[in-house]
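Below is one structure, written out as structure tokens; comments come after it.
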Protein chains: 2
Amino acid sequence: MGEPTRLKAIAAQLNLSQSTVSRALNDYQDISARTKQLVREVADELGYQPNMHARRLALGKSETLGYVMPWQDRQATESFLSELMAGMAKALAAYGWDLTVLVPHSVDEELELFQKIARTRHISGLVISRTYSDDRRFQLLRDLQIPFVSHGRSNDSNATAWLDVDNELAFAEMTAHLASLGHRRIAHIAGPEVYNFARQRTDGWRRGIGEAGLDPHSAPLEMTDLSFEGGKAAMQRLLALDMPPTAVCCVSDVVAIGAMQAIREAGLVPGREVSLVGYDGLEIGAWIEPPLTTMRQPQQSAGRRLAEMLISLVEGRTRPSDNQELVRASLVRRETANPPVSDWSEGRQGVRQTTRENSGGF
Amino acid sequence: MGEPTRLKAIAAQLNLSQSTVSRALNDYQDISARTKQLVREVADELGYQPNMHARRLALGKSETLGYVMPWQDRQATESFLSELMAGMAKALAAYGWDLTVLVPHSVDEELELFQKIARTRHISGLVISRTYSDDRRFQLLRDLQIPFVSHGRSNDSNATAWLDVDNELAFAEMTAHLASLGHRRIAHIAGPEVYNFARQRTDGWRRGIGEAGLDPHSAPLEMTDLSFEGGKAAMQRLLALDMPPTAVCCVSDVVAIGAMQAIREAGLVPGREVSLVGYDGLEIGAWIEPPLTTMRQPQQSAGRRLAEMLISLVEGRTRPSDNQELVRASLVRRETANPPVSDWSEGRQGVRQTTRENSGGF
DNA sequence: GAGTCAACCGAAAACGCTTTCGGTCGTGAT
DNA sequence: ATCACGACCGAAAGCGTTTTCGGTTGACTC
């Protein structure tokens, strides 16, 4: 297990020149079939693997893509991050490319990082995520001529490559689903407007409200950050309304789980007095009581697509605007979206007691 | 934003040779302070960043570490994976090193991957996780002379570098805690024995049982895979015993959450008739009803330490056996570990009714 | 004022690959 | 026999660093 075998070694063994061996392995046309055959045999007999650095230096490209982890807010999306990354890494491995993860501490540091990458070029393309509606990164990456694809759109992504879920459609459908169950007061717990996906989801909810023949202006809307506590607080505000909603579209599963907590603490049962739908399709949603109805998008295949798109961009086979892909989320029916019960909120005290007797044993 | 600036450019601008510039930037002793100063100024005025591939080719090392994602069983540990990776990436970034993620589909593919890395050397060290008691990877990595540190020990890790949590101590403490609350029948839902950590945890539980003056042989023990469903099924088996346990030590939070489900479905209340302690410190544990008592180990700092240890190994500053670190998990007191209620299991029917009335409104 | 010795710096090789540019064959046509 | 032409292959340059090895200064000693 001494020194790794180099091109030179296999050249020596066959009495060929190094350059011939190189071209044989790279399947050049001016090498005879017989020679190629021989070279290949000796190559994998000796377990030859090209030295990446030399190769990349000569080629001038890196065959390495970077994924910028969203690490601003410590938690939230974490759980499907690793799944997304696994999808990307697997797809890249099929091409012999590598995936390196970048973890900037702040927005400014992220922009600096881009500058550095632009100079060293040791990463030849980036996947960014957690896009803002107003996202400085797009402009900068274009200026720096770093190929990139974003997981999620922004105001500035018309001409760039992206993979996004149709958030608006998802929330329109979610709202329609709740309306079809008979709900008339369908609220929305929205995420921070700076996030593009949060805005899209609010838009979708609003569209759904309208399409259900309800009044978007009177529909209850609460904002929150993407946390359990935030969801809980937002739900508490909704419950304090004169006319509390009978159903709530939540911007994320984590927020929805927080909302469930608020509902329970008010002595009500999630999915009974107040229906709930989350978003993300987290597995844990199925493990809580009652299991959370939600919408899911496939994370692994998203990772794969992101990787494939970026490769083709880096290779120059396609233009950014050719790589825009909208995927559809699908409803995961569990147990928190049900027809409304008779108007509980007009006789709250009475209802609260009834609930206590029924909240266990689902 | 045309071509990135190279050594040559800054040499030309200062009428110096390329080699002088290189040595100035690398702080060689035989370059005058004045020259170094000048070179540095021009360097960052021009935004110079060394070409990684050239540098790594010349140096013969890669300044890139790899993290082998545990992807055998699709889920389980996912949630803290990204946190761990973020910790690693951040630590590495401080040294200017990169982290690439590797996602083998199977054990065999993982071993092949190691072979490849040994030849290309484009990754100069590995962090592996999800160690088995009997783990082929240790031997192979040693043979291939790839520096590595494992997150978790194995039978074969006496002389290698590792960072592990003291699983045995953690479960001994967990058991002691339950015993101190008054429990006498403390069961264990164990993970697959192939995983070293699962075995350690079972050992710890057994030790705790003994130290509490109880009989390890009669203490109920159930095995399961590391899944929600597995935990649920195991708990069901425990509940079906003649003398069901009043407390259960679960190998992981996910398993514990599954167990809670089984308890609820039996008409009982987790933390009341049956106390539970999980392990991992997952955030979601705090969001369920009732919040799950568990044990936590810091993931981000673990990532950082793993990275630091591996760097010092790759640099040859320390030997593997100098890098063995045992960290301690700490109990996170939530609401599923309480004193036992009076012997419910001898009058189960009656208890069941009582429970129904009290299970809501926590 | 010749010799010594630091202090500084430049030339050039090396890392291992890719790729361009010729060069050497044998073949077929003239 | 000569020429042209493919088919194959070797020599060598180049990618951008690092690092060894001398070589040139000037100051300093006696």
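What you see below is based on every heavy atom in this structure, not just the backbone, and it leaves out hydrogens, waters and symmetry mates. Proteins come first, then strands; the chains are lettered A, B, ... in the order of their sequence lines, and each starts at number 1.
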Exercise for review: Return each pair, listed once, that meets ring pair (Phe, Tyr, Trp, His ring centres under 6.0 Å) where at least one residue sits in residues 145-164 of chain A; pairs must be two or more places apart or across chains.
Suggested key: A:F138-A:F148

Pairs meeting criterion salt bridge (Lys or Arg N to Asp or Glu O under 4.0 Å) with involvement of [range], two or more places apart:
range                       : answer
residues 41-52 of chain B   : none
residues 18-29 of chain A   : A:R23-A:D30, A:D27-A:K36, A:D27-A:R40
residues 147-163 of chain B : B:R142-B:D156, B:R153-B:D164

Expected rows: protein N/O vs nucleotides 24-26 of chain C N/O, under 3.5 Å:
none

Practice item. Check side chain to side chain donor-acceptor pair (under 3.5 Å) between A:Q49 and all other residues, then give those that pass, not counting sequence neighbours. Key: none

Review point. Partners of A:S22 by side chain to side chain donor-acceptor pair (under 3.5 Å), sequence neighbours excluded?
Key: none

Practice item. Take the C1' atoms of the five end pairs on each side of the helix from C:dT4-D:dA27 to C:dT30-D:dA1, get both axes, and report the angle to 10 degrees. Key: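 It comes to 70° between the two terminal axes.
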
**Study point:** salt bridge (Lys or Arg N to Asp or Glu O under 4.0 Å) against A:K61, all qualifying residues, sequence neighbours excluded
**Key:** A:E315

Review point. Can you give one letter per nucleotide of nucleotides 16-27 of chain D, 5' to 3': B if a protein heavy atom sits under 4.0 Å from the base, S if only from the sugar-phosphate, - if neither?
Key: BBBBBB------

Point to revise | For B:F114, ring pair (Phe, Tyr, Trp, His ring centres under 6.0 Å) partners two or more places apart | key: none

**Study point:** Sequence-distant partners of B:N158, side chain to side chain contact (heavy atoms under 4.5 Å, CB included), two or more places apart
**Key:**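 By the side chain to side chain contact (heavy atoms under 4.5 Å, CB included) rule, B:N158 matches no residue at all.
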
